[in-house]
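Here's the structure, in structure tokens; my notes come after.
Since the model is a prediction, treat every value here as computed from it, not as a measurement. The basis for the numbers below is simple: all heavy atoms, side chains too, and nothing from hydrogens, waters or symmetry mates.
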Amino acid sequence: MRSTPDRIRHAVSFEIIAIAMVMFLGSHVFGMPPVSMGAVGIASSLVATIWTYLYNLGFDHALLRLNGSPKKSWTMRVVHTILFEITLSLLLLPLIAVMLGISFIDALVMDLAMTAFFLVYTFVFNLVYDRIFPIPVRSGEQSG
């Protein structure tokens, strides 16, 4: 298990690098000023963090009410993930459109591109993070 300070380092470094990448890559890909893309990155990060908490809380309560347990099957995990991404996109679309002064269609294209970017970024970031900061092995445990 990772310690609380390690989890904080992970979350903060993930967000700082992500915002920097959205700011610079997004400005080149979408032709927007880096400051505008940085503002969208920060705002999106805040919305996503708050929504993650609220969505997971609500989803777990719904599962508890429907199934008597918040445990998720593989199928339910897929449903959970898809619904999360759809609802997060619905929250972010107006924000992106208003902040950048673009149409909802352009905001949708940008949101889809950022979603694809974050799928890859999250995978690579966690792989690199685990190599740089491996999970400590306790005595009696095997690494691997």
Side-chain angles (χ1 to χ4, degrees), residues 1-137 141 143-144:
M1 292 291 289
R2 293 195 178 276
S3 66
T4 297
D6 186 34
R7 290 178 188 277
I8 292 169
R9 177 181 55 209
H10 177 274
V12 170
S13 60
F14 178 91
E15 293 300 331
I16 289 171
I17 294 167
I19 290 166
M21 291 180 79
V22 164
M23 188 171 154
F24 293 108
L25 291 174
S27 68
H28 291 303
V29 171
F30 299 109
M32 295 286 173
V35 172
S36 297
M37 290 305 299
V40 166
I42 291 168
S44 296
S45 175
L46 290 172
V47 169
T49 299
I50 293 165
W51 183 239
T52 298
Y53 175 80
L54 295 172
Y55 177 83
N56 287 327
L57 181 65
F59 200 92
D60 286 350
H61 279 285
L63 283 177
L64 185 62
R65 183 179 244 193
L66 294 171
N67 300 333
S69 168
K71 260 183 118 174
K72 296 175 192 78
S73 66
W74 281 100
T75 301
M76 192 53 64
R77 288 184 184 280
V78 171
V79 169
H80 176 269
T81 300
I82 291 169
L83 287 176
F84 174 79
E85 289 300 333
I86 290 169
T87 55
L88 180 60
S89 286
L90 290 173
L91 290 171
L92 292 177
L93 283 176
L95 178 79
I96 293 168
V98 169
M99 288 185 76
L100 296 177
I102 60 177
S103 71
F104 280 102
I105 297 299
D106 289 340
L108 177 61
V109 169
M110 188 177 283
D111 182 64
L112 291 173
M114 286 199 289
T115 299
F117 163 78
F118 272 99
L119 286 172
V120 174
Y121 170 70
T122 301
F123 179 83
V124 172
F125 178 89
N126 285 310
L127 182 67
V128 171
Y129 188 89
D130 288 345
R131 298 265 165 98
I132 295 171
F133 303 105
I135 298 172
V137 178
E141 290 181 353
S143 64

Roughly how far, to the nearest 0.5 Å, is the [atom2] atom of [Y] from the [atom1] atom of [X]?
{"X": "Ile132", "Y": "Arg9", "atom1": "CD1", "atom2": "CZ", "result": "9.5 Å"}
{"X": "Trp51", "Y": "Leu88", "atom1": "CH2", "atom2": "CG", "result": "9.0 Å"}
{"X": "Phe117", "Y": "Met21", "atom1": "CZ", "atom2": "CE", "result": "4.0 Å"}

Query - Trace of the side-chain contact (heavy atoms from CB on, under 4.5 Å) decision for Ile42 with Glu15 - result: CA-CA 9 Å; Ile42 291 168; Glu15 293 300 331; over 6 Å; no

Shortest non-hydrogen contact from [X] to [Y]?
{"X": "Ile96", "Y": "Ala107", "answer": "CG2-CB, 3.9 Å"}
{"X": "Pro33", "Y": "Ser27", "answer": "C-CB, 4.1 Å"}
{"X": "Met99", "Y": "Ala43", "answer": "SD-CB, 3.7 Å"}
{"X": "Pro70", "Y": "Leu64", "answer": "CD-CD1, 3.9 Å"}
{"X": "Thr115", "Y": "Glu85", "answer": "CG2-OE1, 3.9 Å"}
{"X": "Gly38", "Y": "Ile19", "answer": "O-CG2, 4.2 Å"}

Hey, does [Y] have a side-chain heavy atom less than 4.5 Å from the side chain of [X]?
{"X": "Pro94", "Y": "Phe104", "result": "yes"}
{"X": "Val29", "Y": "Met110", "result": "no"}
{"X": "Val40", "Y": "Met32", "result": "no"}
{"X": "Phe30", "Y": "Leu100", "result": "no"}
{"X": "Phe125", "Y": "Val120", "result": "no"}
{"X": "Asp130", "Y": "Arg2", "result": "yes"}
{"X": "Ile8", "Y": "Thr4", "result": "yes"}

Report task. On the 0 to 90° scale, with breaks at 30° and 60°, tag the Tyr121-Phe118 ring pair as parallel, tilted or perpendicular. Result -> perpendicular

Query raised in the report: Between Arg65 and Asp60, does at least one N-O distance fall below 4.0 Å, as a salt bridge requires?
Result: no

Query raised in the report: After noting the C-alpha distance and the side-chain angles of Leu57 and Tyr53, does the key distance pass the side-chain contact (heavy atoms from CB on, under 4.5 Å) rule?
Result: CA-CA 6 Å; Leu57 181 65; Tyr53 175 80; 4.2 Å; yes

Donor-acceptor contacts under 3.5 Å from residues 73-84 side chains, at least two apart:
from  : atom 1 : to    : atom 2 : distance (Å)
Ser73 : OG     : Met76 : N      : 3.1
His80 : NE2    : Asn56 : OD1    : 2.7
Thr81 : OG1    : Arg77 : O      : 2.9

**Report entry** Steps toward side-chain contact (heavy atoms from CB on, under 4.5 Å) verdict (Asp111, Leu93)
**Finding:** CA-CA 7 Å; Asp111 182 64; Leu93 283 176; 4.0 Å; yes

Query raised in the report: Are the side chain of Ser45 and the backbone of Gly41 linked by a donor-acceptor contact shorter than 3.5 Å?
Result: no

Report task. May I ask you to decide if Leu119's main-chain N or O and Thr122's side chain share a donor-acceptor pair within less than 3.5 Å? Result -> no

Report task. For Asp106, check salt bridge (Lys or Arg N to Asp or Glu O under 4.0 Å) against everything at least two apart and list the hits. Result -> none

**Report entry** Qualifying residues under salt bridge (Lys or Arg N to Asp or Glu O under 4.0 Å), relative to Arg7, sequence neighbours excluded
**Finding:** none

Query raised in the report: Do other residues, nucleotides or ligands put more than 12 heavy atoms under 6.0 Å from the CD1 atom of Ile105?
Result: no

Report task. Evaluate the criterion side-chain contact (heavy atoms from CB on, under 4.5 Å) for residue pair Ser69 and Leu63; output intermediate values, then yes/no. Result -> CA-CA 6 Å; Ser69 168; Leu63 283 177; over 6 Å; no

